[in-house]
Structure formats: structure tokens, C-alpha cells
Enquirer: 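The structure that follows is given in the form of C-alpha cells.
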Amino acid sequence: MKQQAQLELQDVKRIAAAAEAHATSKGWAVSIAIVDAGGHLLWLQRLDGASPSSALFAPAKAHTSALGRRESKVYEDMINGGRQSFLSVPGMHGMLEGGVPILVDGQCVGAVGVSGVKSSEDAEIAKAGIAAL
């Protein structure tokens, strides 16, 4: 039977703090979401000045990334490349760049989703958070 690492609260807090620090150092007002491997929300914070809609988009991006075990940008690229059938995938609502999986020993243990600035900057913030692990 396989054993898999799981995110603990201290891990989530470390990721969130690093993502927040990166965003604030750049002056970016964003929402940051962290989910477990099943896409279930563990953390959501909306920084001062972040758009209310970013609090909806960030968890959706994280959810998509965790379930797909890849960056949410992959789905955005597929759709933009003409595979519009991906728009009908059940339960996947955040198919925009900004969701990044958290990989431990090659296994996806969750994901970080960020929304509020350019999508590439959202992904940058998510990766900065994950790097704190």
C-alpha cells in the first residue's frame, strides 16, 4: 500500500506566509488559496485591496491544479489552443493560470491558487509560497 505525505496546518501557514510576503513585496493585492490533494480548501486569505472576485478565482485555480496534478495554466493553454471541450470538464472551474500543485516526492499533496494580478504573476506568487516548504 502506498503512503503519501499530507499537508499539515504548519505547512499551510508557511506556504501562505511566504506567498503573502512575496505579493506584498511587489505591492500586489491578491487572494491566496491552499487546498489539499482532493482540492478541499485549507486556507483562503484576501489581502487588503484585492478584488472580491479574486476570493472566488483563487480557490478554483487551486482546486483545478490539485485535481489535475499540474499547473492550471496547462488547461488554459489547451483551451486557447482550440480544445474548447475542456470547458465542459465537470468540477473544473479554475482553468486559468495561477494554480500550482504542491509536489512532495513526486506526489501531489495539494495546490496553491492565487488571483488578483496578471496570471503569470499569480503563478509567481504561488510558486514563492510553495518554495517555503
Side-chain angles (χ1 to χ4, degrees):
M1 183 178 290
K2 272 189 177 182
Q3 293 187 6
Q4 182 172 334
Q6 290 184 331
L7 291 172
E8 294 184 334
L9 182 58
Q10 289 304 317
D11 302 321
V12 172
K13 287 180 177 180
R14 189 176 313 124
I15 293 166
E20 178 183 357
H22 188 79
T24 56
S25 75
K26 303 271 189 168
W28 294 337
V30 298
S31 288
I32 301 162
I34 303 171
V35 300
D36 66 13
H40 304 284
L41 189 62
L42 300 173
W43 185 275
L44 175 63
Q45 72 184 90
R46 190 173 118 203
L47 302 183
D48 292 341
S51 166
S53 64
S54 69
L56 294 173
F57 298 149
K61 291 177 180 185
H63 178 85
T64 294
S65 184
L67 292 183
R69 298 180 177 154
R70 60 188 67 180
E71 289 195 34
S72 56
K73 181 182 187 324
V74 170
Y75 297 105
E76 181 179 12
D77 289 346
M78 280 192 254
I79 292 163
N80 289 340
R83 297 211 48 206
Q84 295 180 357
S85 60
F86 269 92
L87 293 170
S88 66
V89 174
M92 301 286 252
H93 306 292
M95 293 188 279
L96 301 166
E97 185 175 8
V100 179
I102 303 167
L103 303 175
V104 175
D105 297 327
Q107 298 291 317
C108 181
V109 298
V112 178
V114 178
S115 182
V117 286
K118 292 179 186 173
S119 291
S120 61
E121 295 167 344
D122 290 341
E124 179 184 323
I125 295 165
K127 290 174 184 176
I130 294 167
L133 281 181

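All values below come from the heavy atoms of this structure, side chains included, with hydrogens, waters and symmetry mates left out.
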Enquirer: Treat each ILVMFWY residue as a node, draw an edge where side-chain heavy atoms are under 4.5 Å apart, and state whether L96 and V114 are in one component.
Expert: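 No, L96 and V114 fall in different hydrophobic clusters.
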
Enquirer: Is there a donor-acceptor pair closer than 3.5 Å between any side-chain N or O of Q4 and the backbone N or O of C108?
Expert: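 Yes; judged by distance alone, with no hydrogens or angles, the pair exists.
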
Enquirer: For residues 29-45, please give each side-chain donor-acceptor pair under 3.5 Å, one per line with the distance, not counting sequence neighbours.
Expert:
residue: S31; atom: OG; partner: S54; partner atom: OG; Å: 2.8
residue: S31; atom: OG; partner: A55; partner atom: N; Å: 3.4
residue: D36; atom: OD1; partner: G38; partner atom: N; Å: 2.9
residue: D36; atom: OD1; partner: G39; partner atom: N; Å: 3.2
residue: D36; atom: OD1; partner: H40; partner atom: N; Å: 2.9
residue: W43; atom: NE1; partner: Q45; partner atom: OE1; Å: 2.7
residue: Q45; atom: NE2; partner: E20; partner atom: OE1; Å: 3.1

Enquirer: Taking all heavy atoms of I125 and all of A23, pick out the closest pair and write down the distance.
Expert: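 So the minimum-distance heavy-atom pair works out to CD1-CB, 3.8 Å.
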
Enquirer: How about E121 and K26: do any of their side-chain heavy atoms sit closer than 4.5 Å?
Expert: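 No. Closest side-chain heavy atoms not under 4.5 Å.
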
Enquirer: Is any side-chain heavy atom of R46 closer than 4.5 Å to one of P52?
Expert: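 Yes; the side chains approach each other to less than 4.5 Å.
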
Enquirer: Closer than 3.5 angstrom, by distance alone: can the side chain of S25 be matched with the main-chain N or O of H22 as a donor-acceptor pair?
Expert: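 Side chain of S25 to backbone of H22: a pair is present.
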
Enquirer: On a heavy-atom basis, which atom in G110 and which in A66 lie closest, and how many Å separate them?
Expert: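 For G110 and A66, the tightest heavy-atom pair comes out as C-CB, 4.2 Å.
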
Enquirer: Between atom CD1 of I15 and atom CG of L133, what is the distance when rounded to the nearest 0.5 Å?
Expert: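 Going from the CD1 atom of I15 to the CG atom of L133 covers 4.0 Å.
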
Enquirer: In terms of side-chain geometry, is the basic nitrogen of E8 or K13 positioned less than 4.0 Å from the acidic oxygen of its partner?
Expert: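 K13 and E8: not salt-bridged.
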
Enquirer: G94 and S72: which non-hydrogen atoms are nearest, and at how many Å?
Expert: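 Shortest heavy-atom contact: O-CB, 3.6 Å.
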
Enquirer: With the 4.5 Å side-chain cut-off for hydrophobic clustering, are V112 and W28 part of the same group?
Expert: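 Linked within one cluster.
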
Enquirer: Give the minimum heavy-atom separation between A111 and A62, together with the two atoms involved.
Expert: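 Between these two residues, the closest heavy atoms are CB-O, 3.3 Å.
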
Enquirer: So E97 and K118, do their side chains get closer than 4.5 Å, heavy atoms only?
Expert: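 Result no, sub-4.5 Å side-chain heavy-atom pair not found.
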
Enquirer: Mind checking what makes salt bridge (Lys or Arg N to Asp or Glu O under 4.0 Å) contact with D11, not counting sequence neighbours?
Expert: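 Scan of D11 (salt bridge (Lys or Arg N to Asp or Glu O under 4.0 Å), adjacent residues dropped) gives R14.
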
Enquirer: Does anything in residues 75-106 pair up under ring pair (Phe, Tyr, Trp, His ring centres under 6.0 Å), and if so which pairs, sequence neighbours excluded?
Expert: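 Sorted result for residues 75-106: Y75-F86.
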
Enquirer: Taking the side chain as everything from C-beta on, heavy atoms only, tell me whether S65 gets closer than 4.5 Å to R70.
Expert: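 No, every pair of side-chain atoms sits at 4.5 Å or beyond.
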
Enquirer: For the hydrophobic clusters of this structure (ILVMFWY residues joined by side-chain heavy atoms under 4.5 Å, transitively), does one cluster hold both M78 and M95?
Expert: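 Linked within one cluster.
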
Enquirer: Should L103 and V109 be marked as a side-chain contact (heavy atoms from CB on, under 4.5 Å) after you check the CA-CA gap, both sets of side-chain angles, and the distance that decides it?
Expert: CA-CA 6 Å; L103 303 175; V109 298; over 6 Å; no

Enquirer: Are K61 and S115 side-chain neighbours, meaning at least one heavy-atom pair lies under 4.5 Å?
Expert: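 The answer is yes; the side chains approach within 4.5 Å.
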
Enquirer: Does any part of the side chain of L67, heavy atoms only, come nearer than 4.5 Å to the side chain of M92, both counted from C-beta?
Expert: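 Side chain of M92 against side chain of L67, heavy atoms only: contact under 4.5 Å found.
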
